[in-house]
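Numbered from 1 within each chain, the chains take letters A, B, ... in sequence-line order. Everything numeric in this text was worked out from a predicted model, so none of it was measured.
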There are 2 protein chains.
Amino acid sequence: MVRSTNSRRPATLASLAAELGVSRTTVSNAYNRPDQLSPELRKRVLDTARRLGYPGPDPVARSLRTRKAGAVGLLLTENLSYAFRDPAAVGFLEGLALACEDADHGLLLIPANPEHEDVASVHSAGVDGFVVYSVPDDDPHLAAVMERPVPTVICDQPSLPEIDRVGIDDGAAIKELARHLIELGHRKIGVVCMRLARTRNDGPASPERQASASFHVQRARLTALSEAFAEVGVDWEQVPVIERFDHTTESGGSAAARLMELDPEITAIICTSDILALGALTEVRRQGRRVPQDITITGFDGIDDAERVELTTVRQPVLEKGRAAGRLLLDASESTGKPREVLLDTQLITGSTAGSPRSVEERWFGP
Amino acid sequence: MVRSTNSRRPATLASLAAELGVSRTTVSNAYNRPDQLSPELRKRVLDTARRLGYPGPDPVARSLRTRKAGAVGLLLTENLSYAFRDPAAVGFLEGLALACEDADHGLLLIPANPEHEDVASVHSAGVDGFVVYSVPDDDPHLAAVMERPVPTVICDQPSLPEIDRVGIDDGAAIKELARHLIELGHRKIGVVCMRLARTRNDGPASPERQASASFHVQRARLTALSEAFAEVGVDWEQVPVIERFDHTTESGGSAAARLMELDPEITAIICTSDILALGALTEVRRQGRRVPQDITITGFDGIDDAERVELTTVRQPVLEKGRAAGRLLLDASESTGKPREVLLDTQLITGSTAGSPRSVEERWFGP
DNA sequence: TGCGGGAACCGTAACGGTTCAGTAAGTGTG
DNA sequence: CACACTTACTGAACCGTTACGGTTCCCGCA
């Protein structure tokens, strides 16, 4: 492709102005304020631009001057590619993309490896604002975002006093699920949860670790579960909670196995995500147990695959969360100075993976 | 959050330098070239920066000077949110994200509504290069990208002489599928394809329209199909081809219905994507026909859902495509000046949705 | 003929950095 | 002690654009 006629250095607005014998302002106006110059001159400018291979005002220089980048930065705690592997994250992204599109903004995915403390990518992101999706309280990338003098919206976690936030009532949502299980008669349960801190821990999570978890959402869900079961006299200290660092079905499977090994008498496995629950489901069946006759399994999120297997779970509006986050960020008009919070509704989905526990006798001798 | 101690305007590198009584260069070096100043001074600079609430060098200003943005732009022909709804696109994105991550670059999704001719978003994208994913030959956004003086890689379509490209051998891939069907004995077939041009056309696509399609990939696949079937004496003019603008299962279903209405004697429906094929499958079964006993259905792409229903299809390495595109763009080292082309392998997946057609007698009277 | 007013265009000063060619002081060497 | 070399820092140019506050010119109108 021929990109410029004769100059070695690419044409700039200034060189174009020189060629035309007009001021830079006029050339700039030709692109940005057509009403500020005569149609003839404008045509002449544009024609000459084409002839010189001038691609129009440089976006970076323009951004510098106008103080806007026309893009929203997205920070998430996982590897970038993870965002496309987790259905809930994909849903969130879709919603966020919709909001960006409406406001004619780009969406910049910021590479932020959770293993690395390297925060340079946050510092070098040319964006008008950040959306932070579900990161731990002490995430260094989050700290870097907070230093940037641009608006920020956090989705899910953490919950910071001065920052706009979009989320759900995690406690209330999982409590509804817990009460459902309690009504069905479950008293001996096990829990599989996602990572509670930035440090890897694949195994039991002590009550202390649960309480001090740096992932706000997981903490809230575990606390709510403990409260719900405390109401019917279950001692939370005795409830095994298995933590998994990687959010995969394999993790869910191995955690479920561990749980059943730890306490063979549990009648239900509550997972804090559908992905984990799907893994648990597979593992439990692999071991020859029937669901829900032998054991109950529940998830959280309401992803498509969960619906397919009729998982009992809590549906949260992932797409809406993304859209709300984007709108919050881009609707500066609504910004009153006070931090805003959007809490979206969730819905208990009673599938076919939860049922009444059979008595021990039944379990041994059949119904 | 308190962002600066006392100044109304946010701190800049210059104001920080003034406060410290050192040159701007020194402050810049404190961030970018720690070896260029004494550790004590550097610490003093960084401490003062924190005190003044200086967030570090402005990314946009830096980009302007260094001529690099640290981001890759992605242009796709559909609404941004579509990218997250189509499994093949999601796979591509995942691969591209991986490559970007490796090179420590961000990934900027550019809003480019196919309905609008507005290319401002392309002009205002501050990126070091573009990846263009599957757009029509005459896409105005593509034209805008080509004007920008940055490297570009196109995935799938169009195929331009001077531009790096990643893709598959669409013709060869679908020919293998076609020969499989031919071996099974299919001679009367129907085709469902994706949009052939930017103008909406939901219905039969004439051979002329097929040949002049502005979507290179669809054109290649149709051409290859016609060649393969010509080899066994099938007159392509008689083969009904139904085009659908929207790439959804609903489109696939209605197109399949149309096809069977147009020619009830067809024994196979070849779809140019899995999404369309899944829709066709549902529709055909809804009409009470059995697959593959009564009719054969095939797809293209090899998405997870296709595997789940054992669709006969062609698997293409979508993730690898994304990764290859990213690498091609970011590995300037390899750039020899000549345009590069990466063709990835595909694989015929023989599922359970393709079988031998039964004779007309069999169809009416049973085997 | 004088004058108000809009249309069309211009000059300068940012915007916030990075880079490169210095300069001055300190260090080691024969 | 002269000389080269290193360390630590500086000044000015430059990146490409837009914002702001003009100036010039021409037309209509009294």
Distance from [X] atom [atom1] to [Y] atom [atom2], nearest 0.5 Å?
X        : Y        : atom1 : atom2 : answer
B:Leu20  : B:Thr48  : CG    : OG1   : 4.0 Å
B:Asp138 : B:Ser214 : CG    : OG    : 4.5 Å
B:Thr152 : B:Arg165 : OG1   : CZ    : 14.5 Å
B:Asp104 : A:Asp118 : CG    : CG    : 6.0 Å

Note to self: I need the full list of ring pair (Phe, Tyr, Trp, His ring centres under 6.0 Å) pairs touching residues 88-109 of chain A, with sequence neighbours left out, sorted by first then second residue.
What the structure shows: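 Only A:Phe92-A:Tyr133 qualify under ring pair (Phe, Tyr, Trp, His ring centres under 6.0 Å).
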Would you mind reading off the distance between [X] atom [atom1] and [N] atom [atom2], rounded to a whole angstrom?
X        : N      : atom1 : atom2 : value
B:His123 : D:dT17 : NE2   : C1'   : 15 Å
B:Lys68  : C:dT18 : NZ    : P     : 12 Å
B:Leu13  : D:dC9  : CG    : C1'   : 14 Å
B:Asn29  : C:dT19 : CG    : P     : 9 Å

Note to self: If you compare all heavy atoms of B:Leu328 against all heavy atoms of B:Val153, which two are closest, and at what distance to 0.1 Å?
What the structure shows: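 So the two residues come closest at CB-CG2, 4.0 Å.
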Margin query: At a heavy-atom distance below 4.0 Å, what parts of residues 19-27 of chain A sit against DNA chain C?
Written below: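 Under 4.0 Å from DNA chain C: A:Gly21, A:Val22, A:Ser23, A:Arg24, A:Thr25, A:Thr26.
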Next item on the list: Name every residue in residues 31-46 of chain B that has at least one heavy atom under 4.0 Å from any atom of DNA chain C, in order of residue number, or write none if there are no such residues.
Entry: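 B:Asn32, B:Arg33 - these, ordered by number, are the residues of the stretch whose heavy atoms sit under 4.0 Å from the strand.
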Check: Given the rule in the salt bridge (charged side-chain N to carboxylate O under 4.0 Å, His left out) test, do A:Glu94 and A:Arg323 qualify, once you have shown the distances and angles that lead to the verdict?
Finding: CA-CA 8 Å; A:Glu94 182 181 343; A:Arg323 178 141 51 185; over 6 Å; no
Note to self: Tell me if a side-chain donor or acceptor on B:Thr66 pairs with a main-chain N or O of B:Arg62 at a distance below 3.5 Å.
What the structure shows: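 The answer is yes, because a donor-acceptor pair under 3.5 Å joins these two groups.
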Next item on the list: Apply the test salt bridge (charged side-chain N to carboxylate O under 4.0 Å, His left out) to residues B:Lys43 and B:Asp47: give CA-CA distance (whole Å), side-chain angles for both, the deciding distance (0.1 Å), then the verdict.
Entry: CA-CA 6 Å; B:Lys43 181 174 185 324; B:Asp47 287 350; 2.7 Å; yes
Checklist line | Close residues, residues 56-65 of chain A, relative to DNA chain D [heavy-atom separation under 4.0 Å] | finding: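 Here the set is A:Gly56, A:Pro57, A:Asp58, A:Ala61, A:Arg62, A:Leu64, A:Arg65.
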Next item on the list: Could you give me the CA-CA distance, side-chain angles and deciding distance for B:Val22 and B:Leu41, then say whether side-chain contact (heavy atoms from CB on, under 4.5 Å) is met?
Entry: CA-CA 10 Å; B:Val22 301; B:Leu41 179 54; 4.3 Å; yes
Margin query: Can you classify the ring geometry of B:Tyr54 versus B:Tyr31 as parallel (below 30°), tilted (30 to 60°) or perpendicular (above 60°)?
Written below: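 Ring orientation of B:Tyr54 relative to B:Tyr31: perpendicular.
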Checklist line | Degree of bending, the helix from C:dT1-D:dA30 to C:dG30-D:dC1 (end axes from five pairs; round to 10°) | finding: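 Its terminal axes enclose an angle near 40°.
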N/O-N/O pairs, protein side and nucleotides 25-28 of chain D side, under 3.5 Å:
none

Next item on the list: Give a yes/no answer on whether the side chain of A:Thr66 brings an N or O atom under 4.0 Å of OP1 or OP2 in D:dT18.
Entry: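 Answer is no, no contact under 4.0 Å.
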Next item on the list: Report yes if a side-chain nitrogen or oxygen of B:Ser28 is closer than 4.0 Å to either non-bridging phosphate oxygen (OP1 or OP2) of C:dT18; otherwise report no.
Entry: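 Answer is yes, contact under 4.0 Å.
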Next item on the list: List the steps and the verdict of salt bridge (charged side-chain N to carboxylate O under 4.0 Å, His left out) for A:Lys321 and A:Asp156.
Entry: CA-CA 9 Å; A:Lys321 268 165 47 172; A:Asp156 285 345; 2.8 Å; yes
Next item on the list: Show the numbers, then the answer: is there a side chain to side chain donor-acceptor pair (under 3.5 Å) between B:Thr25 and B:Ser28?
Entry: CA-CA 5 Å; B:Thr25 302; B:Ser28 176; over 6 Å; no
Margin query: Run A:Leu108 and A:Leu74 through side-chain contact (heavy atoms from CB on, under 4.5 Å) and show every step you take.
Written below: CA-CA 6 Å; A:Leu108 178 65; A:Leu74 174 65; over 6 Å; no
Next item on the list: Mind running side-chain contact (heavy atoms from CB on, under 4.5 Å) on A:Glu78 and A:Asp86 for me, showing each step along the way?
Entry: CA-CA 10 Å; A:Glu78 288 284 349; A:Asp86 180 357; over 6 Å; no
Next item on the list: Under the side chain to side chain donor-acceptor pair (under 3.5 Å) rule, what do B:Arg85 and B:Ser81 come out as? Steps first, then yes or no, please.
Entry: CA-CA 7 Å; B:Arg85 235 171 298 135; B:Ser81 56; 2.8 Å; yes
